[in-house]
Number of protein chains: 2
Amino acid sequence: MNIDKIVAKISQFIEVKPEEFDTFMQFASVKQLKKNEIWEHEGDLGKLMGFVNNGILRQFYLKEGNEFTDQFYCEGDFVGNFVSYVKQKPSRSAIQALTDTELIVVSFDNVQKMYDLMPSMDRFGRLFAEQRLVEFSDRITSFLLDPPEERYRQLIEEKPNLLVDIPQYYIAQYLGIRPESLSRIRKRNKM
Amino acid sequence: MNIDKIVAKISQFIEVKPEEFDTFMQFASVKQLKKNEIWEHEGDLGKLMGFVNNGILRQFYLKEGNEFTDQFYCEGDFVGNFVSYVKQKPSRSAIQALTDTELIVVSFDNVQKMYDLMPSMDRFGRLFAEQRLVEFSDRITSFLLDPPEERYRQLIEEKPNLLVDIPQYYIAQYLGIRPESLSRIRKRNKM
DNA sequence: CCCATTTATTGACCCAAGTCAATGACTTTG
DNA sequence: CAAAGTCATTGACTTGGGTCAATAAATGGG
């Protein structure tokens with residue numbers, strides 16, 4: 001199990017002692033996903049948290065036969081049905097690998113155990129949640145302030161690899177528009 | 001200083017010992033705001049956190065002469081330029097009281113001190129941030145899945161008092177549409 | 001390398017929100 | 001109470017995204 005990336009990630013937030021990582025790794029396992037494989041299904045209760053060692057995933061909703069992509073998860077991100085877990089309600093969304101993907105997986109129950117065992121974990125959880133909060137807040141603000149065109153520009157600037165690694169219609173779903181409209185936006189602006 | 005509501009709020013997340021609340025209150029002060037008064041200005045670095053004892057506030061952005069309301073804060077909510085504080089960058093948004101308002105105010109710096117002094121505070125911060133995260137996530141999902149009409153219906157169901165206490169055009173700003181469009185939506189659906 | 005499948009583009013048309021301007025309703029206050 | 005100001009509604013028109021269908025381009029498996 002290659003833990004370099006997850007060590008680096010957690011160390012961005014708190015100092016971690018080597019023996020704490022040993023504890024962490026006792027709870028962890030590796031999961032390989034093939035392209036297009038569904039990892040967490042709609043209707044599941046969020047039970048697992050993953051760290052993306054490599055690959056891209058998306059979280060999506062179905063409504064009236066259409067798919068809506070809510071989030072992308074890329075290398076270095078934590079992925080999971082957090083909302084379902086926090087609410088303790090079955091998830092309305094599913095999580096799917098868009099490329100071959102490797103995850104380091106820990107159950108939320110074991111994450112809870114770590115919160116109780118390791119004093120620094122609550123702080124990590126807080127700082128991590130605060131950072132996600134800022135990302136979510138920025139996305140909401142962008143829905144209010146920026147037209148789809150501008151949201152597309154920003155997304156591609158932030159995550160240029162999306163454009164090469166996954167079909168455009170997932171990007172359209174994420175922006176809240178139809179693939180045809182994204183195609184026209186790209187044409188209008190020669191992107 | 002009436003601390004009943006804030007005690008109740010924090011107790012939803014963690015158990016607090018009376019002496020811990022004493023510590024908390026040493027850091028806190030009360031701030032009265034008049035209707036339409038700006039509490040935090042655009043360009044300020046987020047320095048203060050408030051707890052809404054009563055009243056309604058909004059956080060808003062200016063873009064090309066238009067105002068965009070990003071968040072409402074009602075009785076029992078924590079209000080502040082969290083994003084600016086976390087990023088340590090001047091805020092692009094302002095916070096304004098929409099009715100006469102009473103806040104219990106603590107500086108973010110003192111909140112940090114409490115994180116270090118009181119072991120349970122990191123957990124409170126984590127749980128609180130997790131809950132906000134779920135709210136934000138639901139709002140993003142709603143931007144993707146639901147037309148403005150449906151978002152309006154849900155907002156009014158959740159916070160019916162908004163409709164009586166503040167002008168409709170703030171609600172339109174929050175939904176991401178123009179006041180004229182909200183007026184037409186209400187007419188179409190006899191709301 | 002070819003064929004089947006998937007993905008992206010384009011066209012024609014529709015509709016809901018945006019824009020601008022005018023009017024109506026309601027509030028505040030001198 | 002009258003006048004000013006604020007807020008909501010309505011009308012006429014524009015615009016950009018949605019929808020459906022056809023075609024083109026890219027991809028992947030045999």
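Summarising the geometry, the separation between CZ on B:R186 and P on D:dT10 is reported as 10 Å, rounded to the nearest angstrom. Following rounding to the nearest Å, A:D165 (CG) and C:dT6 (P) show an atom-to-atom distance of 20 Å. Rounded to an integer number of Å, the gap from B:Q168 CD to C:dC26 C1' is 13 Å. Here the P atom of nucleotide D:dC7 and the CG atom of B:L162 are 16 Å apart, to the nearest Å. Rounded to whole Å, atom P of D:dT6 lies 16 Å from atom CG of B:L98. Atom-to-atom, CE of B:M191 to P of D:dT9 comes out at 12 Å; the value is rounded to the nearest Å. Here the P atom of nucleotide C:dT7 and the CD atom of A:E67 are 11 Å apart, to the nearest Å. Atom CG in A:D100 sits roughly 14 Å away from atom C1' in D:dG28 (whole-Å rounding).
Rounded to the nearest 0.5 angstrom, B:E75 CD and B:T99 OG1 are separated by 10.0 Å. Atom NZ of B:K47 sits about 9.5 Å away from atom OG of B:S107, to the nearest 0.5 Å.
For the OP1/OP2 pair of C:dT10 and a distance below 4.0 Å, the side-chain nitrogens and oxygens of A:K187 include at least one atom meeting the criterion.
Residues A:Y115 and A:I14 share a single hydrophobic cluster, defined by chaining ILVMFWY side chains whose heavy atoms lie under 4.5 Å apart.
Between A:F143 and B:F143, the distance from one ring center to the other falls under 6.0 angstrom.
Relative to the six-membered ring of B:F136, B:R139 misses at least one condition, a distance below 6.0 Å or an angle of at most 45° to the axis.
Applying the ring pair (Phe, Tyr, Trp, His ring centres under 6.0 Å) rule to A:F72 yields the partners A:Y174; only residues at least two apart in sequence or on another chain are considered.
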Check your understanding: With the sugar-phosphate defined as primed atoms, P, OP1 and OP2, and the base as all remaining atoms, what B/S/- string results for nucleotides 16-25 of chain D, 5' to 3', for protein heavy atoms under 4.0 Å?
Key -> -SSBB-----
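In the set C:dT7, D:dA8, D:dG28, D:dG28 carries the atom at the smallest distance from any side-chain atom of A:K35.
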